Amino acid sequence: MIRLRPEVEEMNRLYKAVEETYHAAAVAAGLSDSGFLVFYALAELGDGCIQQEIARHYYASKQTIHSSIKALEQKGYLTLAPGEGRDRRILLTPAGQQILEEKLTPVFQGENQVVEEMPAQELADLLALTRKYVGIHRRVLGGG
């Protein structure tokens, strides 16, 4: 049986450690991981974005995003408005805006603090090396 190189194991653990911080933030917000992602996307991409933009930007399945949007709509956090063609724009309700401000703003502030605490060259190197790693990973294992 083939074993993973220790570097691969460490990369996987580090990725999962970062992922766990977002899971904890989602739980604290009373959201599923994918629901948290929808809120995050609305903050980053803008209120009124469409499901396909979220799925493409975050490499998430359209079905997962669709299910999350429906669940958040049922909770009264989102509403859907006509868009181009069959697209429907995703809009925050006042209750959804409150969740975004109260639960996600601290996450964004923390993310900003993380990169602000890194020396500029280290941050630039991290981004460049991560882009390279992801490009090779996708070329070798597929996915785009």
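Only a predicted model underlies this, so the values are computations on that prediction, with no experimental measurement involved.
- For the side chain to side chain contact (heavy atoms under 4.5 Å, CB included) with Leu42, the qualifying choice from Leu92, Leu37, Leu104 is Leu92, the only one to do so.
- Between Glu73 and Lys70, at least one side-chain N (NZ, or NE/NH1/NH2) sits under 4.0 Å from a carboxylate O, which counts as a salt bridge.
- Shown here for Leu91 and Asp47, the closest heavy-atom pair between the two residues is CA-OD1, 3.1 Å.
- Side-chain polar atoms of Tyr58 and Glu44 form a donor-acceptor pair below 3.5 angstrom.
- Residues Leu45 and Ile54 form a side-chain contact, since some pair of their non-hydrogen atoms from C-beta on lies under 4.5 Å apart.
- Other residues, nucleotides and ligands contribute over 12 non-hydrogen atoms within 6.0 Å of the CD atom of Glu9.
- Of all the heavy atoms in Leu72 and Gly35, the pair that sits closest is CD1-O, 3.8 Å.
- Under the 4.5 Å side-chain criterion, counting only non-hydrogen atoms from C-beta, Gln51 is not in contact with Arg88.
- Scanning all heavy atoms of the two residues, the minimum distance from Gln121 to Asp125 falls at NE2-OD1, 2.7 Å.
- Applying the 6.0 Å contact sphere to CD of Glu7 captures more than 12 heavy atoms from other residues, nucleotides or ligands.
- None of Val107, Asn112, Thr105 except one satisfies the side chain to side chain contact (heavy atoms under 4.5 Å, CB included) rule with Gln109; the exception is Thr105.
- With hydrogens and angles disregarded, a donor-acceptor distance shorter than 3.5 Å links the side chain of Ser68 to the backbone of Thr64.
- When only modelled atom types and interatomic distance are considered, Ser67 and Gln63 share a side-chain donor-acceptor pair under 3.5 Å.
- A donor-acceptor contact shorter than 3.5 Å is absent between the side chain of Ser34 and the backbone of Ile65.
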Report task. Any chance you could lay out the side chain to side chain contact (heavy atoms under 4.5 Å, CB included) test for Ile90 and Ile50, step after step, and finish with the verdict? Result -> CA-CA 6 Å; Ile90 307 159; Ile50 62 172; 5.5 Å; no
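- Ring geometry, Tyr22 versus Phe36: the interplanar angle falls from 30° to 60°, so the pair is classed tilted.
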